[in-house]
Amino acid sequence: MHSNPIFLDNNGTTLLDPRVLEVMLPYLSNQYGNATSRHSFGRAARQALDQAREQVAEACGAHPSQVIFTASGTESDNFAIAGMAGDEQKQIAVSAIEHPAITRPAFAMRAYGHRVGVIAADQFGVVDSNSLEVALEKPTSLISVMLANNETGVIQNIAQLAEIAKSKGALIHTDAVQALGKIPVNFDALGVNAMTVSSHKINGPQGAGALILDKRVDIKPLLHGGGQERGLRSGTENVAAIVGFGAACALIKNEMEQRANITKLLRDTLEKNLKSLGGSIFGDKATRLPNTSFFAFNQIEGETLVMALDRKGFAVASGSACSSDSTEPSHVLMAMGVAPDLARGAVRVSFGANNTSEQLNAFLAVINDEVNRLRQLTAVTI
Amino acid sequence: MTVHTPIYLDYSATTPVDPRVAEKMIPYITEHFGNPASRSHPFGWTAEQAVEEARDEVAKLVNADPREIVWTSGATESNNLAIKGAANFYSGTKGKHIITVQTEHKAVIDAVRELERQGFTATYLAPEPNGLIDLEKFKAAIQPDTVLASVMFVNNEIGVIQDITAIGNICRENNIIFHVDAAQATGKVDIDLEKLPVDLMSFSAHKTYGPKGIGALYVRRKPRIRIEAQMHGGGHERGMRSGTLATHQIVGMGEAFRIARLEMKAENLQVRRLRDRLLAGLEEIDEVYVNGDMDHRVPHNLNISFNFVEGESLIMAVKDIAVSSGSACTSASLEPSYVLRALGRSDELAHSSIRFSIGRFTTEEDVDYTIALMKSKIGKLRELSPLWEMHLDGIDLSKVEWAAH
C-alpha cells in the first residue's frame, strides 16, 4: 500500500516541472505588469511573452509570429473550428476519433448552416485517407484530424491528409495536444494551416495553450475585446502561465528523446505483462505515442478496474478525463470497431518521465492481483 | 522616506497577486495537480474540491449561489460569453436589438459589434459629461425588440459607478436581459446579487489581487437565465463553458475574493484617504481637470487631464510612476481615449490625461512622491510650451486662428 498515490494518467494532465515553476514564480509576485501597459511593468511582461512565444514556436517547428496564445487546448480547438469554417455554408469534416473539443464545436457550427462530415478510422485507430477523399467530395471548408489520439496514442499521418485536403481547397487543422513533447512536432513539415498545443500536457501549468496559425489564413476571433494577440485573441495575457508554457517547451528540446525512451520502456514492459494476463491492447498495431497504453480485459468493467487500482494507490483513466463523467464506451474504440462489451473494459495508462520502474513493478503486482480477483468475482456472478 | 521607483499606480490595469493568494495557489501547481474533471482518482477529486471551495468564495463576495458562478479565462471571455451567449439564445423570442454604452470596455463593445455583423442592431448610449448614464436616455433607447443591455458597474478609466439598481429595474420592467461588467467593481463596491436586478455579471481575478487568466460569469438561476455556450468540448461548467480548468488559478481567484470580502471595507477607507491626498496635491497645479464624477466613483481611481502639456511628452516625463494614459487594454494605440472623448473632452485634454489607480500596497510616501513629481514635471513641460505662455498672456486659445504652413 502506498501512502502517496502514483500518477499514471499523464495524458490527462502532468505534474508541473519544478524548473518551470521556478521560472513562473516571479510572474506571480513582483513581475505583475499587464503586458499591454506601456510602462516598465508592462514592458517586462511583454518581453516575457515574446520569449515564451519564441520557445513555443521552436518546440512546434513554427515561426514566433505564428503563435497565438489562448487559455487552453479546448479554446484553441474551438477557435480553429469556429474561426476557420468560413462564411460559406460548407462542410466541416472531422475524424471519428477527435476529442470533444473538436467535435462539439464542429456540431455547434450546424446552427450557422455548416454540415459536419465524419472521417472514419480503421481497426488500428488510424484515420483513413480514403474516407477523407470521400468526405471531400462535398464542398468542404475545413478538416480537423488530431496528430496523436489521447486514448490510444495512435499517431496519424497528418502530412498525407494535409496534402489531400489542400488539393481539394480545404483548410486543415490538427490537434497536437497529446503529441507535443512526446514525438517531434513540426508545424511546417506537417503542412497544416493550424495546430493546437497545450501547456499542461507537457509539464507546464494549466491555463495556457496556443493555436499555431498559418498567417495567410483568414481566421475569425472567438474572443473580441482589447485586441491582444494581433487582434485574434483578446483578453489580458496570462503571463505566468504563458511563461511556464514557454519554459516547458524549452525543456522538450533537450529532453524529449530521453522522456520517450523512459516512458516507452515502462509502457512496453506493462504491455508484455498485460498480454500475458490475457488483456487486449488497442491500437498497438499502429505507430503510437511512446507513453500510452489503452487496454481491456474481457468481462471486467473498466470503471471497476480503475476504482480497484485507485484503492491500491494508482491513478489511471478509464477514458479521456473530459468524458469520464459518462459510462458510454469510448467513441474512439467504437470508431475502431471494437465490440462494445470489450470497449467498456477500457483502461488507459499514460506514463510520464517521472514515473519509475519501481512504480511500474508495484503497479504490475497490483494489476495482476486485481485482474485475477475481479475475474473470480465475475465468474461467481455468472 | 523609502520609495522604490517606478511606483506602481496602475491597479486598474492589473494588480499584484496578493502574497497570501500566491501561497494558497502554489500547492495546486505542484502537488495537487490533478485535472478536476478526472473522476477516477483522488488527484482529480482534490482538484475538484478546491475548485468548488473557490466557487463558494466567489459567490460569497457577491452574495450569489455558487451554482450561479461559471469559470472563464477572464473578464474578456465572460463578457463575450454573456453578450453573445444571451443575445443568441434569446434573439428568437425577444429580438435583435442591444443597448450598451460608449464608455464600456472594448470586450463589451467589440462583442456587440460582432453581433451587429451577425445581423443584430445596437445602440451605443452616450454618457453624460460626468460619465454617468441618464436614466431617461436609457429608457428612450429601448425598442420593442431590445433583447439585451450591457452596462459596466465601474468604469475602468474614470472609475465612475453606474446606478446598476435603477438600470436593472428598467430592464426588468421591459423584459430585457441585463448584463453587467463588474471587472473593476469587485473588492471596491458592495455587490449583492440577491438584491441587484442583474441577470449576468462578469468578474476578473487579476483586478482584485488574484492571478491573470481566470475570471467568472454569474448566470442568474431565479429567474433562470440561459446562455448559448461559446466554447464547446468536455461539457465542463454544466455545458456553459468547456475546457480544462486551471485549478491553481481558480484557487487563487477564490482566495483573492475571500480576502476582498473580509478586507474591502477597511481597505477602501485607506485607499480613499490616499486618493484624496493625491487629488488635493495635484489640484495645487493650475489648469487640471478631473475626468468623471467624483461622488459616484470608486476611491481607487483618479483620472486627470493636465491642460497645456502634450500627452506623449507627459508620459515620457513621468517614467518614475507606472500609470496609464487611457485604458491599458488600448494603450498600444495612440488614439485619444474613447472614454474621455465620449465625455466630451477635447482631443488635447484626452491626450494629456493620466489615470492614477491606487490599491492595497500604495503608501502615503508613494502618493507624496507622485505629487512632487507631477508638480515638477508639469512645470517643466509648460515652461517649454508656447501655448502655456499664450494662456498666461490671457489669450483664449480656442479663439486663435492658426495659419497653415
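Quick note: numbers below take in every heavy atom, side chains included, and nothing from hydrogens, waters or symmetry partners. Lettering follows sequence order; numbering is per chain, from 1.
Neither the backbone nor the side chain of B:Ile83 comes within contact range of chain A; no heavy atoms are under 4.5 Å apart. Both the backbone and the side chain of A:Leu223 have a heavy atom closer than 4.5 Å to some heavy atom of chain B. For chain A, the nearby part of B:Asn80 is the side chain; its heavy atoms alone come within less than 4.5 Å. When heavy atoms are compared at a cutoff of 4.5 Å, A:Tyr112 approaches chain B solely by way of its side chain, counted from C-beta outward. Interface remark: B:Asn88 contributes side-chain atoms only to the contact with chain A (heavy atom separation under 4.5 Å). With a threshold of 4.5 angstrom between heavy atoms, B:Val323 approaches chain A through N, CA, C or O but not through any side-chain atom. Proximity to chain A (any heavy atom under 4.5 Å) is shown, for B:Ile29, by both the backbone and the side chain. Within the 4.5 angstrom heavy-atom criterion, no atom of A:Ile242 approaches chain B. With a 4.5 angstrom heavy-atom cutoff, B:Ala22 touches chain A only via side-chain atoms. For B:Tyr28, no part lies near chain A; criterion is any non-hydrogen pair under 4.5 Å. Residue A:Thr14 touches chain B through its backbone alone, counting heavy-atom pairs closer than 4.5 Å. Interface remark: A:Gln31 contributes no atoms to any contact with chain B (heavy atom separation under 4.5 Å). Proximity to chain A is absent for every atom of B:Pro19, based on heavy atoms less than 4.5 angstrom apart. Within the 4.5 angstrom heavy-atom criterion, atoms from both the backbone and the side chain of B:Thr247 approach chain A.
Within a 6.0 Å sphere centred on NZ of B:Lys96, other residues, nucleotides and ligands contribute more than 12 heavy atoms. Within 6.0 Å of the CD atom in A:Glu22, the count of heavy atoms belonging to other residues, nucleotides or ligands does not exceed 12.
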Could you give me the CA-CA distance, side-chain angles and deciding distance for B:Ile26 and A:Leu25, then say whether side chain to side chain contact (heavy atoms under 4.5 Å, CB included) is met? CA-CA 9 Å; B:Ile26 300 295; A:Leu25 284 178; 3.3 Å; yes
Stepwise side-chain hydrogen bond (donor to acceptor under 3.5 Å, both in side chains) check, B:Gln230 with A:Asn78: CA-CA 8 Å; B:Gln230 302 296 304; A:Asn78 273 265; over 6 Å; no
Show, in sequence, the C-alpha distance, side-chain angles and deciding distance for A:Arg233 and B:Ser73, and conclude whether the side-chain hydrogen bond (donor to acceptor under 3.5 Å, both in side chains) test is met. CA-CA 12 Å; A:Arg233 201 282 183 181; B:Ser73 65; 3.2 Å; yes
Please assess B:Thr76 against A:Thr236 for the test side chain to side chain contact (heavy atoms under 4.5 Å, CB included), listing each intermediate value before the final yes or no. CA-CA 8 Å; B:Thr76 291; A:Thr236 296; 5.9 Å; no
Start with the C-alpha gap between B:His232 and A:Phe107, add the side-chain angles, then the distance that decides, and say whether side chain to side chain contact (heavy atoms under 4.5 Å, CB included) holds. CA-CA 9 Å; B:His232 310 271; A:Phe107 279 103; over 6 Å; no
From CA spacing to verdict: side chain to side chain contact (heavy atoms under 4.5 Å, CB included), B:Asp10, A:Asn34: CA-CA 9 Å; B:Asp10 206 7; A:Asn34 183 325; over 6 Å; no
Could you go step by step and tell me if B:Ser324 and A:Arg38 meet the side-chain hydrogen bond (donor to acceptor under 3.5 Å, both in side chains) rule? CA-CA 8 Å; B:Ser324 272; A:Arg38 285 194 286 169; over 6 Å; no
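Most heavy-atom pairs under 4.5 Å with chain A: of the set B:Gln118, B:His206, B:Glu228, B:Lys319, this distinction falls to B:His206.
Distance alone, capped at 3.5 Å, is enough to place a donor-acceptor pair between the A:Arg104 side chain and the B:Gly233 backbone.
Nearest approach of B:Ala13 to A:Ser37, heavy atoms of both residues: CB-OG, 3.8 Å. The two atoms that bring A:Ala241 and B:Gln249 nearest to each other are CB-OE1, 3.9 Å, heavy atoms only.
The side-chain contact (heavy atoms from CB on, under 4.5 Å) with A:Leu28 is formed by just one residue from the set B:Glu23, B:Met25, B:Lys212; it is B:Met25. Exactly one of B:Lys84, B:Arg113, B:Lys106 qualifies for a side-chain contact (heavy atoms from CB on, under 4.5 Å) with A:His224. That residue is B:Lys84.
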